[in-house]
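Order of listing sets the numbers, starting from 1, for every ligand and every atom in it.
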Amino acid sequence: MVEPGALLYEGKAKKVYATPSPDRVVVEYKDDATAFNGQKRGTIEGKGAVNNRMSNLFFRLLEAHGVPTHFVEELSERRTVVRRVDIVPVEVVVRNLAAGSMAARLGIPEGTALRRPIVEFYYKNDELGDPLVTPDHVEVLGWASAEELEEIRRLALRVNEVLGEFLAAQNVRLVDFKLEFGRTGDGRIVLADEISPDTCRFWDLKTGEKLDKDRFRRDLGGVEQAYQEMMRRVEGGLGR
Ligand code: 5GP
């Protein structure tokens, strides 16, 4: 059993602890919720446990489909051992339908179908509000090499295929999601961070009901219930 050591970092939704092994850290998921770059704050009871478990189930599913991830071992309801990686400072968003910031920025109604998935890159910088950037920005400013960017794009689209298909079978439309990638000690790109209702838009396939953090962001109510319902569907789909 890995016992978490010193606190290395505390973010908005997670804490990261050292372990005796230099290439492993422990992440701990909190119930704290923020939105709009920290301007809206609150607590979503049980969120930490859902996000920990759901991320780990998705990471294992993705590993089985050839996507390398940082996942090592779930320690408890809220804690997981992951590989220590150097995070690429770029948030990768994949979209299947127009929603959220894309719908707002381009004046497109939410829910408009896209002919094919769109991959977007955002510079991870809270002070600047995570601005949208182009692949050229990422490469020329040295955040990732051209080869790494190509690999990130390929993996992001593969995640979309695997999760999109799995979720559709659970009556969930994967509208869009955000991924983060990291470099391992030997320079390989792996999927990191989390994949959860905090980082994805999940809509019920039949009713269109929102089953994700937009319920918190937009004050729609039923936030905890939506997280629990998504957990139930994901576990059901994996026969758990
Ligand atoms: P949008 O750009 O429409 O706000 O977000 C697109 C998708 O990426 C949504 O599923 C959203 O949850 C996710 N996303 C984008 N940026 C962030 C972020 O900074 N934090 C989290 N938790 N999710 C994000």
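No salt bridge links K30 with E28; every basic N to acidic carboxylate O contact stays at or beyond 4.0 Å.
For the pair R233 and F202, the cation does not sit on the ring face, since its NZ or CZ is not both under 6.0 Å from the ring centre and inside 45° of the axis.
Atom CZ of R41 is surrounded by 12 or fewer heavy atoms from other residues, nucleotides or ligands within 6.0 Å.
For R218, the salt bridge (charged side-chain N to carboxylate O under 4.0 Å, His left out) partners two or more places apart in sequence, or in a different chain, are E110, D214. For the side-chain hydrogen bond (donor to acceptor under 3.5 Å, both in side chains) test, no residue two or more places apart in sequence or in another chain qualifies with N37.
Contact shell of ligand 1 (protein heavy atoms, cutoff 4.0 Å): E91, V93, R95, A99, G100, S101, Y122, D130, D176, F177, K178, D198, T199, C200, R201, R217.
By the 4.5 Å side-chain criterion applied to Ile, Leu, Val, Met, Phe, Trp and Tyr, V85 is assigned to a cluster that also includes I87, V190.
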